[in-house]
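What follows is one structure encoded as structure tokens, with my remarks underneath.
Hydrogens, waters and symmetry mates play no part in the numbers below; they use all other heavy atoms, side chains included. Keep in mind that this is a model prediction, so the values were computed, not measured. All chains are named by letter (A, B, ...) in the order of the sequence lines, taking the proteins before the strands, and each is independently numbered beginning at 1.
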Amino acid sequence: MKDYLKTLFEDASNKLDYLKINNAFFTIPNQKGHGDLSTNIAMILTKELKKNPREIANEIIENLNYDSTIIEKIEIAGPGFINFTFTPIFLSKIISQINEEKSAFGTSKKYFGKKANVEFVSANPTGPLTVGHGRNAVIGDTVANLLESVGYDVDREYYFNNAGRQMRVLGESVQLRYKALLGETVEFPEEYYQGEYIKEIAQLLIDEFGDKLLSEKDETVFKSKAETEIFKEIKATLENLDIKMKIFYNENSLYEEGKIDYVLAQFKEKDLSYEKDDAIWLKLTELGNEQDKVIVKSTGEPTYRLPDIAYHITKFNRGYDLIIDVFGSDHNATFPDVKAGIKALGFDAEKVDVLIHQFVTILEKGEVVKMSTRKANYITLDELTASVGKDVVRYFFNMRSLSSHLNFDIDLAKKQSEENPVFYLQYAHARISSILRVTIEQDLHASFVNFNLLNTEAEINLMKKLHQFQNEVLYSAENYEPHRIANYLEELAASFHRFYTECRILGSEVRLAEARISLVQAAQIVLKNGLSILGVTAPDSM
RNA sequence: GCGCCAGUAGCUCAAUCGGAUAGAGCAACAGCCUUCUAAGCUGUAGGUUAGUGGUUCGAGUCCACUCUGGCGUACCA
């Protein structure tokens, strides 16, 4: 619908110069009676043209050379809105299109040929993923899905560090548990990793090596076993949510390949770093940030900023047109430094978009659960997925905007009752499958010839909703807003359920019944395509 | 102190570069199954969009200040 109006306005701009300057902007009015699409362009132009908006609107309409089989009416309303109402027969054409394009409906090729990298989760292998990581994981994967829907070639990437202090502590934790399991009395410091999984890893080492490792001087063996086991589990956790990373990028390789030294040398050469108190500082104030920051500590170890900058440079060098980082809000202070560093080294920081999502608050029995990996006070993502199912987890984390805090009520999610909106969508899909099973038994088949019979309000509303899908996908992808898809699908499902209640297929006259079959098929395809973007299954029965 | 995010119906949240009468779900109340899945549908009720001021044809949305909450503000990541 929007596309048609856009071409109409483009044509008209040959006669009305002022239409060239403005991109016509169409919205769906939230009020019934205000048409199917509306534009406020006349009001925007008021100042520039120094004319009454309704006058401008009139002039625009006179110059729109529209097809009356497509547009039923155009009205000027309120202070100067131009409202467009489409003909039912035009609306119904979407049914054929959807049935032809099937799973491709909603996708576009707008960004075809572009490469994107979406980095997410990126938790260091110090313990199982928690519910807190779940939001990051689901958002990252869904944004990747959205980008693929609009044509991007997307790589999903997980960045990790297996070298730092935390990992050392992890190794030592395993080592201590190992000794304890073999009967030695050990003191287990409070700041070490308390989780049960540490003991399990220690047990694996006993199974494998017996007590031979008691003589190990340092934690290396324990650390590397821990890393292997924990990563195995992390990957399994992600796969339980249908998330598959393409690349696991090890921070350590940046050192091994000299990329850290290179960046350091670059900063020095550009006179962007200096030494003070035995540390190396980056002149971030010169780059427009608040204060200079340390990039190499006096111990000789870099701070996270240096490898992060080097890491992002590899992304540029790997040829990505779009680079997305998904972070929790606890990282919101880190990226400005990194971005400034990248920019200073001559890379186009505009290609990098950082998605900061707010924290998940876990509620159990009405109480807030404070989470800490180290203290082993957490609910794992696996436990959650096991208890409520992949679909609920994915839907729940996708249904809110990133910037909004998310309350995850464990008890509510476990309920699996009608309070859970994901079932509403899946139910719509399953209902359609059921209809299609029955109609086939009755030898009724989809027909695309009598769409003029689809003229009740419920049918027309459903067709209008179907029209919206392509724009929703594009808009959600370009703005990284998975929750819009969830909201859209709830509206679509509502339109369908209303249709289902008011319009029957069995018992209707054959031509009408068969036209309705093609309509519900179209609705089912769109539900399925939308759910698939969210990573939620579309069941055929419930 | 400073920075980022938020504050919208009893609860959880939407609201498309600022648009028309701020919308859904859940919870509450009243109805709808002899016919394609009632995990559904219809209706009622529920609001000074935290507050104050400003910008303009028009503000939940933009600006300023205040209040409340989350996260940061490291030679941790």
| message | Both distances below 3.5 Å, Watson-Crick or wobble geometry, any strand: find the nucleotide opposite B:C32. | response | B:G40
| field | A:R516 vs B:C36: side-chain N/O to OP1/OP2 distance below 4.0 Å | value | no
| message | Between the base of B:A20 and the side chain of A:S38, is one N or O donor paired with an acceptor at under 3.5 angstrom? | response | yes
| said: Under 4.0 Å, heavy atoms only, any strand: does A:P302 hit a base, just the sugar-phosphate, or nothing? | reply: sugar-phosphate
| said: Does A:D292 reach a base, just sugar-phosphate, or nothing at all? Heavy atoms under 4.0 Å. | reply: nothing
| query | What nucleotide, of B:U37, B:A39, B:C75, holds the atom closest to the side chain of A:F423? | reply | B:A39
| request: For B:C17, take OP1 and OP2 only and decide whether either is under 4.0 Å from a side-chain N or O of A:Y475. | output: no
| query | What about A:S298, does its side chain sit under 3.5 Å from the base of B:C75 through a donor-acceptor pair? | reply | yes
| request: Check every atom of B:G3, B:A77, B:U37 against the side chain of A:N332 and return the nucleotide holding the closest atom. | output: B:G3
| said: Using OP1 and OP2 only, check whether a side-chain N or O of A:R498 sits under 4.0 Å from B:G40. | reply: no
| query | With a 4.0 Å cut-off on heavy atoms, is A:H497 in touch with a base, just the backbone sugar-phosphate, or nothing at all? | reply | sugar-phosphate
| Complement of B:G72, any strand, by Watson-Crick or G-U distances under 3.5 angstrom | B:C2
| Are OP1 or OP2 of B:A14 and a side-chain N or O of A:S404 less than 4.0 angstrom apart? | yes
| field | Check: A:F248 and A:F231 side chains under 4.5 Å, non-hydrogen atoms | value | yes
| query | So, do A:V326 and A:Y480 sit near enough that their side-chain heavy atoms are less than 4.5 Å apart? | reply | no
| task | Determine the contact category for A:S433: base if any of its heavy atoms lies under 4.0 Å from a base atom, sugar-phosphate if only primed atoms, P, OP1 or OP2 are that close, otherwise nothing. | result | nothing
| Contact class for A:N487 vs. all strands (heavy atom < 4.0 Å): base, sugar-phosphate, or nothing? | sugar-phosphate
| request: Have a look at A:N52 and say if it touches a base, only the backbone sugar-phosphate, or nothing, with a 4.0 Å heavy-atom cut-off. | output: nothing
| remark: A:R437 has its side chain closest, among B:G40, B:C5, B:U37, to B:U37
| remark: Among the nucleotides B:A20, B:A38, B:C75, whichever has the atom closest to the side chain of A:A77 is B:A20
| said: Using the side-chain heavy atoms of A:L506, tell me which of these nucleotides is nearest: B:A77, B:U12, B:C36. | reply: B:C36
| What is the distance, rounded to the nearest whole Å, between atom CD of A:E301 and atom C1' of B:A74? | 14 Å
| request: For the residue pair A:F397 and A:H357, establish whether any side-chain heavy-atom pair is separated by less than 4.5 Å. | output: no
| query | Can you tell if the side chain of A:L287 reaches within under 4.5 Å of the side chain of A:T285, non-hydrogen atoms only? | reply | no
| Angle class for the A:H331/A:F327 ring planes (parallel below 30°, perpendicular above 60°, tilted otherwise)? | parallel
| Whom does B:C62 pair with, Watson-Crick or G-U wobble, provided both distances fall under 3.5 Å? | B:G54
| query | Between A:S329 and B:C4, is there a side-chain N or O to OP1/OP2 distance below 4.0 Å? | reply | no
| A:Y424 side-chain N/O to B:C41 phosphate OP1/OP2 under 4.0 Å | yes
| request: Could you tell me whether the side chain of A:N30 has a donor or acceptor atom within less than 3.5 Å of a complementary atom in the base of B:A24? | output: no
| said: Between A:S401 and B:A14, is there a contact of a side-chain N or O with OP1 or OP2 at under 4.0 Å? | reply: yes
| request: Respond yes when some side-chain nitrogen or oxygen of A:K297 is under 4.0 Å from OP1 or OP2 of B:C76, and no when none is. | output: yes
| Closest to the A:Q291 side chain, choosing from B:C36, B:G70, B:U73 | B:U73
| said: Below 30° counts as parallel, above 60° as perpendicular, anything between as tilted: where do the rings of A:H497 and A:Y424 land? | reply: tilted
| field | A:E514 to A:D443 - nearest heavy-atom pair and separation | value | OE2-O, 4.4 Å
| query | Using centres under 5.5 Å plus planes under 30 degrees as the test, is A:H34 stacked with B:A20? | reply | yes
| request: Provide the distance between the two C1' atoms, one in B:C41 and one in B:G25, to the nearest whole Å. | output: 15 Å
| said: Looking only at the side chain of A:Y427 (C-beta and beyond, no hydrogens), which of the listed nucleotides B:U16, B:C36, B:A39 gets closest? | reply: B:A39
| remark: The nucleotide from B:A15, B:G19, B:C36 with an atom nearest the side chain of A:H483 is B:A15
